[in-house]
There are 2 protein chains.
Amino acid sequence: MKPRSHQQDEQHLTEQLGATGLRLTPQRQQVYDVLLHKRDHPTAEEVFIRAKKAMPEISHATVYNCLDALVKSGLARQVTLDRGATRYCPHMHEHGHFHCDACGTVFDVDLPTQAMPLPKGFEAKHFDVAIHGSCPDCAKKK
Amino acid sequence: MKPRSHQQDEQHLTEQLGATGLRLTPQRQQVYDVLLHKRDHPTAEEVFIRAKKAMPEISHATVYNCLDALVKSGLARQVTLDRGATRYCPHMHEHGHFHCDACGTVFDVDLPTQAMPLPKGFEAKHFDVAIHGSCPDCAKKK
DNA sequence: CTAGGTGCAAAAGGTTTGCGGTTAA
DNA sequence: TTAACCGCAAACCTTTTGCACCTAG
């Protein structure tokens with residue numbers, strides 16, 4: 001995956017929102033920037049905290065609204081790893097998430113989901129794969 | 001997978017709880033019965049409602065406690081399909097869940113998780129695979 | 001006797017909603 | 001002008017916790 005330039009990100013954001021009938025607002029731009037800047041699968045609360053640094057008046061409700069707008073526009077994805085808060089990921093191609101039980105880090109992993117055989121008649125639209133275990137660093141330390 | 005008889009289920013329950021240092025109580029037995037009886041991946045609330053029919057004095061807290069006990073003893077599994085309530089499944093071999101977006105039904109599906117290639121150094125303990133799409137019936141109706 | 005289990009009610013996350021006010025097309 | 005959006009606060013839903021009582025080992 002080739003990284004997009006900042007300008008391209010900006011344009012992509014406007015286009016994708018527009019195609020969904022949504023406006024580009026400073027808040028949505030800010031929330032998207034937060035997601036792109038550090039791709040560590042933050043929760044809505046973490047996005048809120050980071051966005052608040054650049055935009056102190058932003059509210060929880062707006063962060064949720066913006067994240068929803070990004071998800072609806074195909075610019076971000078919700079990631080559910082456990083019963084805790086939903087995490088967000090701006091990495092849009094089909095992939096899974098590896099969660100290290102020891103250090104808590106979430107890694108993006110490519111997975112051959114097309115190769116997963118389903119019983120006859122089932123039509124899959126989206127695979128949500130969460131893998132729990134130890135990341136290389138933590139596996140070594142054990 | 002060959003189904004266990006009622007008596008075998010009972011014995012299995014006692015053994016597995018015992019091995020985890022937990023007691024067999026009427027409530028835990030009841031909750032386990034609910035899970036075994038209709039394997040439709042109920043939420044804790046649904047388990048509560050069903051258990052309450054046979055045991056009207058049972059409480060929410062106890063249902064959560066019992067479900068935890070079953071999970072800890074390896075008799076049931078938590079299933080997370082969306083941001084909604086956690087579902088429970090007494091089907092213990094490694095498998096995934098197919099969620100039909102149209103009718104809401106959850107299907108157990110066998111998956112070759114061993115075949116999923118992970119980057120070097122990662123050690124997987126558990127795969128949590130949720131697939132969203134249309135089940136055969138709903139796919140036909142479209 | 002004492003550790004574990006139960007039921008109740010209150011609290012604790014995480015997320016959504018209602019509403020008055022603001023802004024962009 | 002009007003539909004979309006914002007911020008705030010309250011509501012909501014799911015799950016956890018504190019506590020008094022009970023029961024099995």
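Throughout, a chain's letter reflects where its sequence line sits, starting with A, and its residues are numbered from 1.
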Atom CG of Asp82(B) and atom P of dT14(D) are separated, to the nearest Å, by 11 Å
Donor-acceptor under 3.5 Å (Gln78(A) side chain, Thr86(A) main chain): no
To the nearest 0.5 Å, atom OG1 of Thr43(A) lies from atom CG of Leu81(A) at 11.5 Å
At under 4.0 Å, does any side-chain N or O of Tyr64(B) touch on OP1 or OP2 of dT15(D)?
-> yes
Measuring centre to centre across the rings, with the benzene-like ring taken for any Trp, is Phe107(A) within less than 6.0 Å of Phe122(B)?
yes
Checking all strands, does Thr62(A) fall into the base, sugar-phosphate, or nothing category for heavy-atom contacts under 4.0 angstrom? base
Among dT14(D), dT6(C), dC6(D), the one nearest any side-chain atom of Ala85(B) is dT14(D)
key: Polar side-chain atom of Arg87(A) near backbone of Val79(A) as donor-acceptor pair, under 3.5 Å   = no
Taking for His60(B) and for Gly21(B) the nucleotide of DNA chain C with the nearest heavy atom, the one nearer the 5' end belongs to Gly21(B)
Side-chain contact check for Ser59(B): nearest option of dC6(D), dT15(C), dG7(C) is dG7(C)
- request: Keeping the roles fixed (side chain from Ser73(B), backbone from Ala69(B)), state whether a donor-acceptor pair exists under 3.5 Å.
  value: yes
| said: If we ignore hydrogens and angles and just use 3.5 Å, is the side chain of Gln30(B) paired with the main-chain N or O of Ala54(B) as donor and acceptor? | reply: no
Taking for Gly84(B) and for Ala61(B) the nucleotide of DNA chain D with the nearest heavy atom, the one nearer the 5' end belongs to Gly84(B)
Does His93(B) offer a backbone N or O that forms a donor-acceptor pair with the side chain of His95(B) under 3.5 Å? yes
request  = Compare side-chain N and O positions of Thr86(B) against OP1 and OP2 of dT15(D) and report whether any pair is under 4.0 Å apart.
outcome  = yes
Angle separating the five-pair end axes of the helix from dC1(C)-dG25(D) to dA25(C)-dT1(D), nearest 10°, is 30°
Whole-Å distance, Lys52(B) NZ to dT6(C) P, equals 14 Å
Taking everything shown except Gln11(B) itself, do over 12 heavy atoms lie less than 6.0 Å from its CD? no
What nitrogen or oxygen pairs link the protein and nucleotides 22-25 of chain D at under 3.5 Å?
none

Asp68(B) atom CG is separated from dT15(D) atom C1', nearest whole Å, by 10 Å
Atom CG of Leu22(B) and atom P of dG4(C) are separated, to the nearest Å, by 9 Å
_Students often get this wrong, so: under 4.0 angstrom with heavy atoms, is Glu45(B) touching a base, only sugar-phosphate, or nothing?_
nothing
Against the side chain of Cys66(A), the closest entry in dG7(D), dT15(C), dC6(D) is dC6(D)
note: Ile49(B), atom CD1; dT14(D), atom C1'; distance rounded to Å ~ 13 Å
Whole-Å distance, Gln27(A) CD to dA24(C) P, equals 10 Å
Charged N to carboxylate O under 4.0 angstrom, Asp40(B) versus Arg50(B)? yes
Q. Within the side chain of Arg77(A), is there an N or O that forms a donor-acceptor pair under 3.5 Å with the backbone of Met92(A)?
A. yes
Whole-Å distance, Gln29(A) CD to dA24(C) C1', equals 15 Å
ask   = According to a strict under-4.0 Å criterion, is Thr25(A) in side-chain N/O contact with OP1 or OP2 of dC6(D)?
value = yes
Rounded to whole Å, the CD-P distance (Glu57(A) to dC5(D)) equals 17 Å
